[in-house]
Amino acid sequence: MSLLVVGLSHRSAPVSVLERASLPADARTKLLQDTLAAEPATEAAVLATCNRIELYADVDKFHAGVAELSTLLAQHSGVGLDELTPHLYVHYEDRAVHHLFSVACGLDSMVVGEGQILGQIKDALARGQELHTAGRLLNDLFQQALRVGKRAHSETGIDRAGQSLVTFGLEQLADGAEVTEWAAGKRALVIGAGSMSSLAAATLVRAGVAEVVVANRTRARADRLVEILGQGGRSSARAVEMGAVGDELTRADVVVSCTGATGLVLTAEAVAEALGVAFDSAYRPSTAPAAAVPGELDQHAAWVENGSVAALGRAARRVPVPDAAQGPVRLHLLDLAMPRDIDGAAHRVAGVRLVDIESLAEASADAPMAADVDRVRTLVAEEVAAFGAAQRAAHITPTVVALRTMAADVVAGEIARLDGRLPGLDEKQRAEITQTVRRVVDKLLHAPTVRVKQLASEPGGAGYADALRELFDLDPQTVAAVSRADLNDPNRGRS
């Protein structure tokens with residue numbers, strides 16, 4: 001196994017960089033194809049969410065793999081390599097497995113314990129399978145990550161340590177009040193009908209809003225979401241075209257947006273117009289990335305090493321909440337998109353409270369950590385060890401199968417020679433001799449093949465397969481054929 005992951009996330013990069021580096025669906029496809037075409041990589045998968053972009057690959061050379069994957073991420077994200085490199089992290093082999101399993105359990109999420117990441121990992125695997133870029137290693141890895149994540153949520157109290165970004169975002173909008181009390185009777189506008197927007201709409205209905213309006217580029221998806229929301233009967237729900245967002249904004253109390261748009265969906269001017277207040281469009285925060293300050297790169301390294309979002313939260317804050325001079329909040333905006341859907345300058349509009357990925361990073365820094373997080377960390381460590389042992393054992397299995405195949409061929413050849421030398425043997429005698437020879441071979445091979453599997457599963461055991469092939473002069477092509485047959489097994493890797 002030569003698993004390598006190169007990526008960046010809310011732990012290693014400011015939101016301004018993450019936002020610019022976000023990958024739409026077509027860019028992810030091209031990145032996978034180009035990664036597989038690169039010399040060091042034989043498999044590839046991309047995990048891209050609102051707060052992380054990670055490229056996984058099976059590589060034959062570590063340093064060349066790091067250089068190639070970093071370059072590809074820069075090319076496809078549109079962020080220059082010199083600017084991107086300080087924010088990248090690299091994990092290799094068991095550390096890469098540990099990283100993905102931690103991500104799957106929600107330990108690396110902005111809100112610890114959130115479960116939405118499991119769906120995103122599943123989507124990353126499905127894309128790799130569809131494009132045939134995920135082979136034996138990545139199929140096994142991502143399948144196991146999904147199982148580990150589900151186990152963490154079912155066997156521990158990690159869910160008590162945090163919630164989804166949607167729930168956490170609504171809590172920030174409620175500003176200390178109970179979400180159900182804050183949401184009661186409000187009119188909500190949800191822009192987008194993807195997984196995050198659907199979750200937001202369902203959460204708002206459960207919280208008790210009076211109405212949910214869904215706007216989406218594809219009207220059919222909005223209609224379908226409204227149909228699902230209407231089944232509970234708790235809130236009225238209706239779908240509108242994206243062109244109607246401006247009108248709906250004038251009636252909304254809460255807006256949640258999470259689309260795949262590459263530009264702004266709501267400008268500050270549109271928000272101000274909907275509220276009927278003035279907005280000085282000339283006074284805007286700069287959108288240019290802030291210049292690096294002394295020690296900032298060291299700080300990024302510390303974030304990655306220590307796994308803490310506290311420093312990131314304090315450093316990343318860009319969007320303050322309205323102050324008392326602006327009066328009561330009339331419109332609550334929750335932007336869960338990356339890149340952002342809602343103009344960051346909207347927080348300067350009187351009566352508006354805006355919560356986005358950036359402000360959530362700061363708020364999550366102070367979120368309480370449940371004791372169950374330690375249990376999940378222990379679970380992850382155990383699963384990483386088991387996965388590594390299984391992969392190492394699987395590596396030697398084709399060699400063992402090839403050895404037993406060779407032994408069976410030798411037995412068959414000797415029995416054929418015996419038939420020629422002793423043609424008078426009856427069927428019963430021939431069967432007894434054949435069974436005896438096979439028992440002798442099986443007993444001779446049993447102990448060494450069992451032992452070599454045990455040794456191969458231990459750290460540093462990869463060389464036993466090579467030793468076995470050398471000692472018994474096994475044909476490498478035969479071993480490779482066994483490996484291909486195992487990989488093409490239609491039942492392999494199914495949950």
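Residues: numbered from 1 along the sequence shown. Remember, predicted model here, so these are calculated numbers, not experimental data. Scope of the values below: all heavy atoms of this structure, side chains included, with no hydrogens, waters or symmetry mates.
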Please report, to 0.1 Å, the donor-acceptor pairs under 3.5 Å made by any side chain of residues 213-225, with sequence neighbours excluded.
| unit_1 | atom_1 | unit_2 | atom_2 | d |
| --- | --- | --- | --- | --- |
| Asn216 | OD1 | Ala193 | N | 3.1 |
| Asn216 | ND2 | Thr218 | O | 2.9 |
| Arg219 | NE | Asp223 | OD1 | 3.0 |
| Arg219 | NH1 | Glu241 | OE2 | 3.2 |
| Arg219 | NH2 | Ala239 | O | 3.2 |
| Arg221 | NH2 | Ala193 | O | 3.4 |
| Arg224 | NH1 | Glu227 | OE1 | 3.4 |
| Arg224 | NH1 | Glu227 | OE2 | 3.4 |

Can you give each donor-acceptor pair under 3.5 Å made by side-chain atoms of residues 67-74, sequence neighbours left out, with the distance rounded to 0.1 Å?
| unit_1 | atom_1 | unit_2 | atom_2 | d |
| --- | --- | --- | --- | --- |
| Ser70 | OG | Val66 | O | 2.7 |
| Thr71 | OG1 | Ala67 | O | 2.8 |

If the condition is side-chain contact (heavy atoms from CB on, under 4.5 Å), which residues does Lys122 pass it with, not counting sequence neighbours? Leu146
Contacts of Arg330 that satisfy side-chain contact (heavy atoms from CB on, under 4.5 Å) - sequence neighbours left out: Leu275, Val277
Salt bridge (charged side-chain N to carboxylate O under 4.0 Å, His left out) partners of Asp253, counting only residues at least two apart: Arg187
So the ring-ring contact (aromatic ring centres under 6.0 Å, His included) pairs with at least one residue in residues 124-144 (sequence neighbours excluded) are Tyr56-Phe142
side-chain hydrogen bond (donor to acceptor under 3.5 Å, both in side chains) partners for Thr203, two or more places apart: Arg206
Apply side-chain hydrogen bond (donor to acceptor under 3.5 Å, both in side chains) to Thr133 and list each qualifying residue two or more places apart in sequence or on a separate chain. none
Sequence neighbours excluded, which residues qualify as salt bridge (charged side-chain N to carboxylate O under 4.0 Å, His left out) partners of Glu178? none
Partners meeting salt bridge (charged side-chain N to carboxylate O under 4.0 Å, His left out) with Glu54 (sequence neighbours left out): Arg52
Residue pairs passing the ring-ring contact (aromatic ring centres under 6.0 Å, His included) test with at least one member in residues 177-223, sequence neighbours excluded, are Trp182-His332
Can you pull the ring-ring contact (aromatic ring centres under 6.0 Å, His included) pairs that have at least one residue in residues 95-121, sequence neighbours excluded? Tyr89-His99, His91-His99, Phe101-Phe387
